[in-house]
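Scroll down for the structure; my scribbles are underneath it.
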Amino acid sequence: ETKPRTPVLWLHGLECTCCSESFIRSAHPLAKDVVLSMISLDYDDTLMASAGHQAEAILQDVREKYRGNYILAVEGNPPLNQEGMSCISGGRPFVEQLRETAADCKAIISWGSCASWGCVQAAKPNPTQATPIHKVITDKPIVKVPGCPPIAEVMTGVITYMLTFERLPELDRQGRPKMFYGQRIHDKCYRRPHFDAGQFAEEWDDEGARKGYCLYKLGCKGPTTYNACSTVGWNGGTSFPIQSGHGCIGCSEENFWDQGSFYDRL
Ligand code: SF4
Ligand code: SF4
Ligand code: F3S
């Protein structure tokens, strides 16, 4: 209780803000407990009450006061084309704000597929040159938490781990926490027995779909997607895309937006 809370600066680049929407719905731990009791969320331009010059000044204050001791969380990415003009934050290109704020941080969390991989705004021909964080900031430890968005409890789980153990979680070779991204959706999917038995839905409304057969032939990307949806689940573990009758589109994988239609038949 006497330990100072770790300052977190949460920046928003080119993105849709649904990573934040996911985060605030975390049930275990509750997002309010993370924000009010576990970290000191000193800047987050979508959640903070203040705005304008005074709000922007907080970035500089934290940089100076907590040099090397704050966590930088980034949602979205910087577009590099036209000197970054496609994403302006605080009156200047987001890439400048990102570089400055990253310079003195302890570690970076790349929230979601925008920050981790580029996401749909980086889809060919990527007119704004949307670029993932690790390709712009190369001298800081980065934890990628991909997904579009990531699961709420995965987001708060990563923060909880970093605060509790004062180190980064063990990462795979792509920089994702192994504890949440160590298995494919397919490995723990409850429809897997149907896959193994050769029982597939062939149309969205056929008999197989009604019986809950495997969605592989309707384009499910579960066999090549690393994420925790089939174990942790969404909405407090209530369901996940496949349980709602839609195949996985691989939203946590690099280049999922350019790797074939979500509805490609196999
Ligand atoms: Fe939105 Fe997806 Fe980007 Fe998160 S990763 S900000 S949900 S587009
Ligand atoms: Fe695998 Fe998708 Fe079939 Fe589940 S629905 S068993 S993830 S192919
Ligand atoms: Fe995304 Fe597939 Fe999970 S689409 S939400 S990784 S089931």
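One-based numbering along the sequence shown.
Each of Leu59 and Leu41 belongs to its own hydrophobic cluster when Ile, Leu, Val, Met, Phe, Trp and Tyr are linked at side-chain heavy-atom distances under 4.5 angstrom. Following chains of ILVMFWY side-chain contacts shorter than 4.5 Å, one can reach Tyr70 starting from Leu11, so the two form part of one hydrophobic cluster. Note on Ile109: it clusters hydrophobically with Val34, by side-chain heavy-atom contacts below 4.5 Å among ILVMFWY residues. Taking hydrophobic clusters as Ile, Leu, Val, Met, Phe, Trp and Tyr residues chained together by side-chain heavy-atom distances below 4.5 Å, Tyr43 does not share a cluster with Trp111. With hydrophobic clusters built from ILVMFWY side chains whose heavy atoms lie under 4.5 angstrom apart, Leu171 does not share a cluster with Ile137.
Within the 3.5 Å criterion, the main-chain N or O of Ser20 finds no donor-acceptor partner in the side chain of Thr17.
Side-chain contact between Val143 and Ile108 is absent, with no heavy-atom pair separated by less than 4.5 Å. You'll find the side chain of Phe180 stays beyond 4.5 Å of the side chain of Asn227, heavy atoms only. Two residues are said to be in side-chain contact when any heavy atoms from C-beta on lie closer than 4.5 Å; Asn77 and Pro132 fail this criterion. Using a 4.5 Å cut-off on side-chain heavy atoms (C-beta onward), Met155 and Ser22 make contact. You'll find the side chain of Phe23 stays beyond 4.5 Å of the side chain of Val154, heavy atoms only. Using a 4.5 Å heavy-atom threshold, the side chains of Cys114 and Glu75 count as separate. In this structure the side chain of Pro29 reaches within 4.5 angstrom of the side chain of Thr160, judged on heavy atoms. With a 4.5 Å cut-off on side-chain heavy atoms, Ile242 and Cys220 count as touching.
Between the NE2 atom of His186 and the CZ atom of Arg191 there is a distance of 13.5 Å, given to the nearest 0.5 Å. Here Cys87 contributes atom SG and Leu14 contributes atom CG; the two are 5.0 Å apart, rounded to the nearest 0.5 Å. The distance from atom OG1 of Thr131 to atom CD of Gln121, rounded to the nearest 0.5 Å, is 10.0 Å. If you take OH on Tyr181 and OG on Ser116, they are separated by 7.0 Å, rounding to the nearest 0.5 Å. The distance from the NZ atom of Lys140 to the CD1 atom of Ile133 is 14.5 Å, given to the nearest 0.5 Å. Atom CD1 in Ile249 sits 7.0 Å away from atom SG in Cys148 (nearest 0.5 Å).
Using modelled atom types, one finds a donor on one side chain and an acceptor on the other under 3.5 Å when comparing Thr156 with Ser26. No hydrogens or angles considered: a donor-acceptor pair under 3.5 Å links the side chains of Gln97 and Ser89.
Heavy atoms only, all atoms of each residue included: Met48 and Ile58 are closest at CE-CD1, 3.8 Å.
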- Item | Lys188 vs Gln183, side-chain hydrogen bond (donor to acceptor under 3.5 Å, both in side chains): CA-CA, chis, key distance, verdict | CA-CA 8 Å; Lys188 289 287 164 67; Gln183 288 187 309; 3.2 Å; yes
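Centroid-to-centroid, the aromatic rings of Trp117 and Trp257 stay 6.0 Å apart or farther.
A search for ring pair (Phe, Tyr, Trp, His ring centres under 6.0 Å) contacts involving Phe200 returns Phe195, not counting sequence neighbours.
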